[in-house]
Every structure is written in structure tokens, then in C-alpha cells.
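Read the structure below first, then the notes.
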Amino acid sequence: MADLSIDFCGIRSPNPFWLASAPPTNTGDQVMRAFDAGWGGAVWKTLGNPIVNVSSRFGGINLGNSRLMGLNNIELITDRPLEVNFREMREVKRRYPRNTLIASLMVETKEEWKEIIQRSEDAGADMLELNFGCPHGMCERGMGSAVGAEPNVLEELARWAVEFASVPVIVKLTPNVGDILEPGEAAVRAGVPALSLINTVKSIMGVDLERMVPLPRVGDASTNGGYCGPAVKPIALHLLAQLARHPQCGKLAISGIGGIANWRDAAEFIALGASSVQVCTAVMHYGYRIVEDMIEGLSDFLDERGMKSVSELRGRAVPQFRDWGELDLSYRVVARIDADKCIGCQLCSVACQDGAHQCIHPSKEAGNRVPVVDEAECIGCNLCQLVCPVPGCISMAEVSSSPRESWNDRIARGTDSVPGGLETTAAARRKGA
Amino acid sequence: MRRLEPQRWELPPDRLEQGIEDKKPLYDAAEATAEAHRCLYCVDAPCIQACPTDIDIPTFIRKIGTGNVKGAARTILSANLLGQSCAQVCPVEVLCAGACVYNEWEREPIAIGRLQRYAVETTLARSPQLFQARPATGKKVALVGSGPASLAAAGMLALEGHTCTLFERKALPGGLNTLGIAPYKLKGPEALREVEWLFSLGRIELRTGVEVVKQATGPEQVSASELLDSHDAVFLGLGLGADSRLGVPGEEGAGIHGATLLIERLKTERGLKLDGVRRAVVIGGGNTALDIAHELALLDVEVSLVYRRSEQEMGGYAHELEAARVDGVRLLQNRQPVEFVLREGKVAAVRLAATREGRPVPGTEEELQAELVAVAIGQERKPPVALAFPGVELDERGRVKVDSGTHRTGHPKVWSGGDCVNGGKEVVNAVAEAKLAVRDMHRHLMGE
């Protein structure tokens, strides 16, 4: 059986599954129940000077019959006295010494950072996570994502933390930036050993059309919240991969966060460079018990792929994350419909006709509802396969391709001009060549 | 959801149908939305092709899913003004839902009937004014009979601005929708509520207790010639006639009923009781036989359904037989009654003979005890009123002959549709035929 334990900045964790700093890690009782369920670690609900929360706090997006494709919150950091939090952390660490306990922190001044780091370490925190990502409420007070969006400020605060801390420091990044590498490089300059991302995405969940108030509603108004859940996973994977392939950022340990709900999601984050993953929304939806499937699924996956440990999976897919210019222009696939599996809904044909390249046509044969792909016209876009409700009915078949050639190859050869464009552009290229 | 009682017509209290529960009750919003979200929204969908009235089913289901329930009702009713009753009485298993692509995938088809009922019923309860009739054309149409075909035709004609008068022999409008549908699908008040909504669409008048005949002899009769003289067009929605009889000794005994008449009594008669009826025999193999058998079973009677051929040859739907069996109906196939045994003038037993090829085999008789018998072997055709209109002809099976594309009869001002033309089909078929007839009638009325 594969070894699921990990080494994160020198700290051992029984597995890579950690709870993210959020409502599921609000109290010692919760964290202990989570560890009993199998979670390897927990990032405590962000500590700072206690705040006051509003009601309501969460908004959800459903897709068809699926609830909570996305969740947003406008809850702030812990609303409980620091001493209560530290007492409970101490108790958790005493009872669960093998599990990883991380303190998430958010304060303002240097003195405050010094004090809270000291008290967190005294309470037994194995690591510290600096919350530079929260995009609602706290950022209005100059904390959270207000720090994460300003690389210079991030660097300075992270430097303080590295200076005051004797345990590893993780900088948690916000996705609400134009280029994730800017805060990533600032964290590298500050000398932190680890990053975590993503924090939530700035969002408004909807509008109550009766009251004309955005959601989630607090009386007669709303505010922007932080969006998370399955819907943000693709955004998180992209930002993770950007950092993982960066020469300096990629050397840091990264804890992946964003829409992870099962072992497969976790494996994908790890393959794109994460050392551990953090989960929140799926636990808020289904409870701590989901970790059983995550542990079992990842373990079986590693065994089936002949990998002995999680670290063998880590970063496997990073080299294959490229710029568009490096993609193979010669690679071709075409859609093939399995007539035996087709149920005749014809969603592929309307999607192709109205939304793609008009190569799937209804059958001309009376009574036959299986559409026909004009392979000569098919550009292999995938849309039909994506809309088909029957798994395995439409496949994308590789067709014979010419030798590999990328756009960058064409630039290098000076053949990066396609007929039909602007004369001036073509002329300028000729001149340049 | 408020249960609306019809305002204009009343059924008496204490009717037997009230004791029979709805098999497919109205969905609530959450149920409807969840079911709507299962629909794939097929292109050129097989369910539409299977609907005689061409309702754009995937579109109305999508509208339910988006919360546009009023739009869903508009989509349904634009294609079929009797969308409410069709939602409840259509045999969706062999029509739209039977064509659902999910069947192909061995998954439960979409509950199209229940979604349609949800859309129409909730919308009409809240905002019944979905359509605006065109300005009056001054043209007058007489409709003979007020069953589904006439109702649908009158509604469509009224929306075009024509003035309609329905002539109904009985006291209540709606025909079989009011008097003949199995109560676990549609009860009398529900049918009457739909009729009321339909009458609100435009200039529609109803005359009940009036019979159209060749030559009127009393105040409760109207001559066909008078109708033709005083109207610009006539629509014959005559339905079928009385229950056919077996012609077996003892058939005159008390407790032996024609099936449609018995169903009508279950649905409309105040204080009707089945006291002393423990066992019933229903004779026939069509849907009326299955309906009355099922209804009696739901009223706690032990029911034997006697059919003279095999189960596979039954005219009734297999899904209805299955449902009736679930509620306790026992099928005796390849048997035929040869005599009703009476005791003091009341039926006490049915003498059955085994059949071969649908004919009794002598020497095989046995007696089946029963306190009630329902004979459901069909209804009379050859409606005499049809022949009161010159030029209107019947085919060899007693059905009114029409042009299949226009539903116009041999008389240039007379159209016809529904059971009297098709020999007895579904409500949705009556509506589909009324649509064809109205298209042609409107052209005729507008002088096109």
C-alpha cells in the first residue's frame, strides 16, 4: 500500500488531506472530530482580534439538481476570544500529536504579528499560515486580500512572520490578482518556505429579484463575499500550476486549495505541484466523513499507478502545462458516435450546429436518431462529447497526424503567417524575417 | 396549493369518486423543479412527435426548470387548450413518456404528464388570463355536444373572435371529461374547473339539457336545420352512444350495469352506495373495462375482470392492467358470460364458459358469485343526430365520415371530431382533431 504520509517543510503529516481555515475548524471539538474521521491536518479558523459577524453569511449556486456547485461567504475570522482558541489548540495537539495543526493568522501591526505568532507556537501550532487572501470584510480594514494584492506589503509582513516564527510559515494567496506570480515572487523574496492557494474569489451570488438585494442578504443589503466550492477548482488549478512551474515559487511547498471534494480532485492538485491539499466547502456540504473516500481513493490510485508515495505523484503534470505557442498544431482528433450507446437526444448535433463548426448532422435515414459526424469537417473541438449525456457514447479519436509542429516552431522558421490576414502585418513580418 | 372548486357548476356532495385517491397528485414546486432538471432538452424530441397535439414538451419542461411556470403553461395551452385534463388523463406511457429517450437508456422516463399538470394547474390558479381573444368577427358557430372535442374547438374558435354556442344534452358540460374519467386520474370538479377556464377565453355560451334532432318537437329540442340556418358553421362533437349489451339471459337483472353509465353514477350521483357488493365481475378487455374494474377495486370490491380472449389480445393498455392488478383486480382471460344468475331479480352470479378463439366452448360453464356486474364491451355508434344534417355520412363502423386533413363532413358547413369520428380514442386525439377542424373552419368563416 502506498505511503500517504507527507513531509511539508519538514513537518510530517499522516496524509495530505487538511481542513482549510474556515467554519469546519472553528473549535477544538470540531478539529478533534475531524482527526477522528481521518483528516491528516487542520488549519485553524483564522485567529486575530475577535470580530463581529452578520447574518446571513452564506450564498450558494445550484446547477440543475446539484446543490452548491459554488458557495460564497461573508463570514470574518474567529469571533471567539484568542485565549479560548489557544486553549483548545493546546488540547487538540496534546490529544492528537501526530496530526498537523496549523494556525491561520491575520493581524495588522508588527507588534500584533509578533505576539500572535508567539502565542500560536506556545499553543502547539506545527506551522503558521498567513491569511493574505480573505476578500471580504477584513480587506476593507487593510488585512486579508488587501495584503495579498499588494506584493510589497505582502513581502514586508511575511518577512516579519519569518523573523518571529520558529516554525514554518505558509503564505496563503488570494486569486483576486491580475498575475499570481507577483505575490508568489514577493513571498519568495520574504523567505517563506511555503504557499497555499487559492483563497476565495470575490463574488456576488445572485440577486433577490423581489427585494432587489444581492445575495447573501443581510437585511436590506449585501456585500461581496468569497466564492469557493467545485466551481472554483479550475481557477485554483491554473494558479497552482502557474506557481508550480515557476523556477523559484515552484521550489516552495504548496498546499492546494479550491473546490477539492474527493480523491480525484486531490490527485489532480498534487499532480500539478501541491504537497498537501485543503478542503472546506465539501466538508461544509457533507461533513468530515468524506475523507474516508479521499484516503482510500488516493491510496488505490497510487497503488494502481505503481507509486509508493504521494511525493511520487507530486508535480507529475507540471511539465505538461505549457504556453499555447508550444502546443502541437498537427495533433488532430475527430468525434465518433457509438450508435449502440446513442439514445438519440441529438444534443450533440444542435451544439455542433449552433455552437461549434456545423459538422454533426441528423441522420437522413427515417427513424434513425443517431446523428452523423462529417469527419472531414470535424475540427475536434470536443463540444459534442461534453454535451452528450451518455458516458462513453462520443469519443474523440486520434487521426493520423503530420510531424509535430508548434506555433513557436513556425515563428522560429518564419512561417508564422496565415493567408487571409492583413497585408500590412504580412509585409511587416516579411521585412522582419 | 388551494384546491379550487368550480364556481359555475356544482356536483352534489357524498359522491363515491370522492373516496378514490389521486394516483398522481399535483407536484409541489420542488418536486416539479427536480423532475424538470432531469429532462435532457432533446432536439427534435421524440416526445413531441408522440404527442397528437404537438406540445413542445422539452421547451415547457425547461421553462419549469427556470421558474418560468407561466411560460410553461402558455407553451402547453397554445398547442392544446385542454392541457390540464390531458396532463391527467393522457396515457403518457404509450405517448410522450413512452417515446422519451431515457427509455432507450433504460432509465425512468420524464414524468411529462405530472410536469404538465404542475405547469397548467398552478398557473391557472394564479393567473388564468394567459390569452386574449381577437376582436369579434360576428361569426357564429354551433357545437353539438360539449365533450373534449367541442370544448377544444370552442376555445380555439373563441380566441379567433368567433361566437360559439355549445348544445349539451346532459345537465353538465365536459362530456366524458366530467362524467367518464377514472377518479384516480381526474375528478368531476377538476374537469368542470377546466371547462370554466375555457369558457373564459372568449364568447362561448352553453345550453344544457338541449338535444339536437332532425325535427324538434319540444322546447328541449333544436332542429339541425335551425342550427344550420342560424349559424355560420356547425361542429359535431357527439361522442359515443350508450353502453353495448351482451344479449345474454338475465342481463335485465338489477345490479348489472353498463360500464360508462356506472362510472358516471360513481362520479356524479349523491349518496350512491355499494352496500352488499362484495364481489364484482367486469366484462370486457378495453380501457373502459380496466377503468371500472380498477375503480371498483379501489372501493374495496373484489373484482374479476372477464375477457373472452387472451391478455395479449386485450384492447386496454398493458400499464393500466398492471396498475389495476396492483390494486387487486384479477383477470380471467379466455372466458365469456353465457348467463346471469338472478335471485329475486338481482344478480347473484355469472355463468362463464371457457372460450376458444373468442367463442364459448360448451360444457365448460362454471359460476362466479357476484353482487355487481359491469358490462364494458363497447358503446353504440351511429349517432342519429349526425344523420340529421344533410350530407353527413357514417362509415361502415358507424363513425362520422370526415376529410382527414380538414375534418369537414359531407356538409360544407359541418365539421366533426372526437370519439364520433375516431370510434373512441383519447382526449388528446379529440383535441388534435378539433385543431384540424378549427383551422379549416376559421378559413371558411373568414371567407378565405
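As the structure is a computational prediction, the values presented were derived from the model and not from experiment. Chain letters run A, B, ... following the sequence lines, proteins first and then strands; every chain starts at 1.
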Checklist line | Residue pair B/Lys401, B/Glu396: steps toward the salt bridge (Lys or Arg N to Asp or Glu O under 4.0 Å) verdict | finding: CA-CA 10 Å; B/Lys401 275 167 87 168; B/Glu396 70 286 353; over 6 Å; no

Run A/Asp300 and A/Arg305 through salt bridge (Lys or Arg N to Asp or Glu O under 4.0 Å) and show every step you take. CA-CA 9 Å; A/Asp300 284 350; A/Arg305 301 299 298 252; over 6 Å; no

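Using a 4.5 Å cut-off between heavy atoms, A/Val390 touches chain B through backbone and side chain atoms alike. With a 4.5 angstrom heavy-atom cutoff, B/Pro58 does not touch chain A via any of its atoms. Residue contact with chain A, scored on non-hydrogen atoms closer than 4.5 Å, involves the backbone of B/Ala45 exclusively.
Neither side chain, B/Tyr118 nor B/Glu35, offers a donor N or O lying under 3.5 Å from an acceptor on the other. For the residue pair B/Asn287/B/Glu320, the side-chain donor-acceptor check at 3.5 Å is not satisfied.
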